Amino acid sequence: MNVNKQTLSIQLQKLGPFLGLLLLIIVLSILSPNFLTLNNILNVLRQVSINALIAFGMTFVILTGGIDLSVGAILALSGAMTAGMLSAGMDPVLAVLLGLLSGTVMGALNGLLVTKGKVAPFIATLATMTIFRGLTLVYTDGRPITGLESDLFRMLGAGYLFVIPLPVIWMTLSFIILYLILKNTTIGRHVYAIGGNEEATRLSGVNVDRVKIFVYSLTGFLSAMAGIILTSRLDSAQPTAGFTYELDAIAAVVLGGTSLTGGRGWIVGTLIGALIIGILNNGLNLLNVSSFYQQVVKGAVILLAVLLDRKKTYA
Amino acid sequence: MNNHFIKRFALLTVLTLLTAVLLAACTTESPVPEDDGTTDEGGTSDGELIIGLSISTLNNPFFVTLKEGAEQAAEELGVRLIVVDAQDDPAKQVADVEDLVQQQVDAILVNPTDGAAIVTAIETANQASIPVITVDRGAEGGEVLAHVASDNVEGGKMAGEFIIELLGGSGKVVELEGIPGTSAARDRGQGFNEAVGDAEGIEIVASQPADFDRSKGLTVMENILQSHAEIDAVFAHNDEMALGALQAIEAAGRDIIVVGFDATDDAVQAVQEGRLAATVAQQPSLIGQLAVETAVKALNGESVDEMIPVELELVTE
């Protein structure tokens, strides 16, 4: 009986973000004739893909009870490095692979600081965020990197597969793989276990440090991927790219019902959270709402989601 | 064992073929049916023209004035104007312009956050046959119908020549630069350096970016004041930085000529009070107005000039 009640409440909790998304879609469909068109849906999905990729990684980090503030900076630096290699005439495939590697290394550095350096994740990634931002400005000399001159590279962010924008494909593939990792692998279970009770997990013989380093590296990898796609879409790397994207990613995770204290949550929720934020941006644009109010609305929605979440937790 | 190998080989072949087919299906052309340009009705049924205006940021009085000029012109011409604010994020601006395309506006006015990053967005509008006009800052690609802007190089030169005149041909000068990489910062800096470079007695002792931002103008200037005992004049790439620098200079109790750019209300008042030596007036309101007028002209089938310059003037009192 009790167990059933608990399962039901968990089910409801998982349903919450989905119902919110559905409500948003219905309201916007009524208010704007341009909203529920195939064209606009693909448009929104493409706009969402960057935030979603970062937020997927952020879900892993937050599930372990950590946080990563450096994702936006990793996005900028990896994107700039990839653009730099491309404009120097490097093979696009190699440039992208090295760009992804650079992001993974930056993420691994975060992981090492958190585990071996025993620095609190908030502080460690705040510091690396500042460092990576600085390095991006050093590397780009504060100017956008242009002249990428590769159709293959441009395809990554601006291309289509039939009618589907390629960034949406990258987002979907990543989602499936990450979903399977969290759901079906030992490391996925360890991620949840660490967030639930780190000491108990350690005592039961799990190499906690290794799992955490993996999680931060994965987030670095995904941020680099987002950075490379963004660079491809803009056909240039911006020195200030990804500014405050860490906050959008955290918002997506929280909106999706993942607990900031770790151990509880799921990546499907994050996808829904990212969709809510993206659709909100798009819908408010379509409704011609002033950008100042857009920020107020976005903040209010996040607050509402967290308040509802807390109510459920303590009910 | 052998059978197993064949199975695997077959699977691999199928996967490779599938990948090849999928890759071959990739294109950078939008697969969405293109507007053939014959439907001039736009998003409304009553034939009212709708113009979208994508602004780089509304956190800067200059662009707010530009927006107001555009709004006023739109009202006079009976056009609906939709304004979106990119908040200085090129990625958000691309999304903003895409959203305008979704709304089937009749024309798009873009004030790019970055000339290179905006190209994708312009191409999206091009594919939907929506005419694009760039405002204040240019784009490095895509089909642009017209560019409405003042000549920033000329403005920088005006400021430089004015400073040389005030200093009587010799002195030490500081340059506060705008966001590195933006065309406004590049052009104003270029004009200023051309003017000052020609003057024998003028020496630029410091050139630092303060990102068009008042609080950064303040801190950067504070630092420069610390490191340079003798400074005679400051040229800031915009008024926000000039006013920030002015605060630093006044706090330090030093007597330094400051020249700004944009002629915002605050700056003009500071000029009237004799605190700011001058500001280069860019007439943002007129830029916004001309942008809307140009769009309407083009939509009515009239031909428009590719480059529509907006006059600058030096405000000194």
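This is a predicted model, so every value here is computed, not measured. Hydrogens, waters and symmetry mates play no part in the numbers below; they use all other heavy atoms, side chains included. Proteins come first, then strands; the chains are lettered A, B, ... in the order of their sequence lines, and each starts at number 1.
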* **The single option from B/D89, B/T113, B/D114 passing side-chain contact (heavy atoms from CB on, under 4.5 Å) against A/Q238** => B/D114
* **Heavy-atom proximity to chain B below 4.5 Å, by part of A/L286** => both
* Rounded distance (nearest 0.5 Å) linking atom CG of A/N34 with atom CD of B/Q102 -> 7.5 Å
* **A/R233/B/E123 ion pair, N-O < 4.0 Å** => no
* Asked: Quick one: are B/D88 and A/T240 in side-chain contact, heavy atoms under 4.5 Å?
  -> no
* To do: Quick one: which of B/I55, B/D85, B/I118, B/D99 has the most heavy-atom pairs under 4.5 Å with chain A, could you say?
  => B/D99
* Side chain, backbone, both or neither: which part of A/T37 has an atom under 4.5 Å from a heavy atom of chain B? -> side chain
* Count the heavy atoms belonging to other residues, nucleotides or ligands that lie under 6.0 Å from CD of A/E149, then report whether that count exceeds 12. => no
* **Region of B/V119 that comes under 4.5 Å of a non-hydrogen atom in chain A** => neither
* Asked: Taking C-beta and beyond as the side chain, do B/K92 and A/Q47 meet within less than 4.5 Å on heavy atoms?
  -> no
* To do: Report, as yes or no, whether the 6.0 Å neighbourhood of atom CD on B/Q72 holds more than 12 heavy atoms from other residues, nucleotides or ligands.
  => no
* Counting heavy atoms not belonging to B/E75, are there more than 12 under 6.0 Å from its CD? -> no
* **A/Y139 atom OH: more than 12 heavy-atom contacts under 6.0 Å** => yes
* Check the surroundings of atom CD in B/E68: do more than 12 heavy atoms from other residues, nucleotides or ligands lie under 6.0 Å from it? => yes
* **Non-hydrogen side-chain atoms of A/N40 and B/Q103 separated by less than 4.5 Å** => no
* **Distance, nearest 0.5 Å, that separates CG of A/N281 from CG of B/D96** => 8.5 Å
* Asked: Looking only at heavy atoms, what is the nearest atom pair of A/L230 and B/A91, with distance?
  -> CD1-CB, 3.6 Å
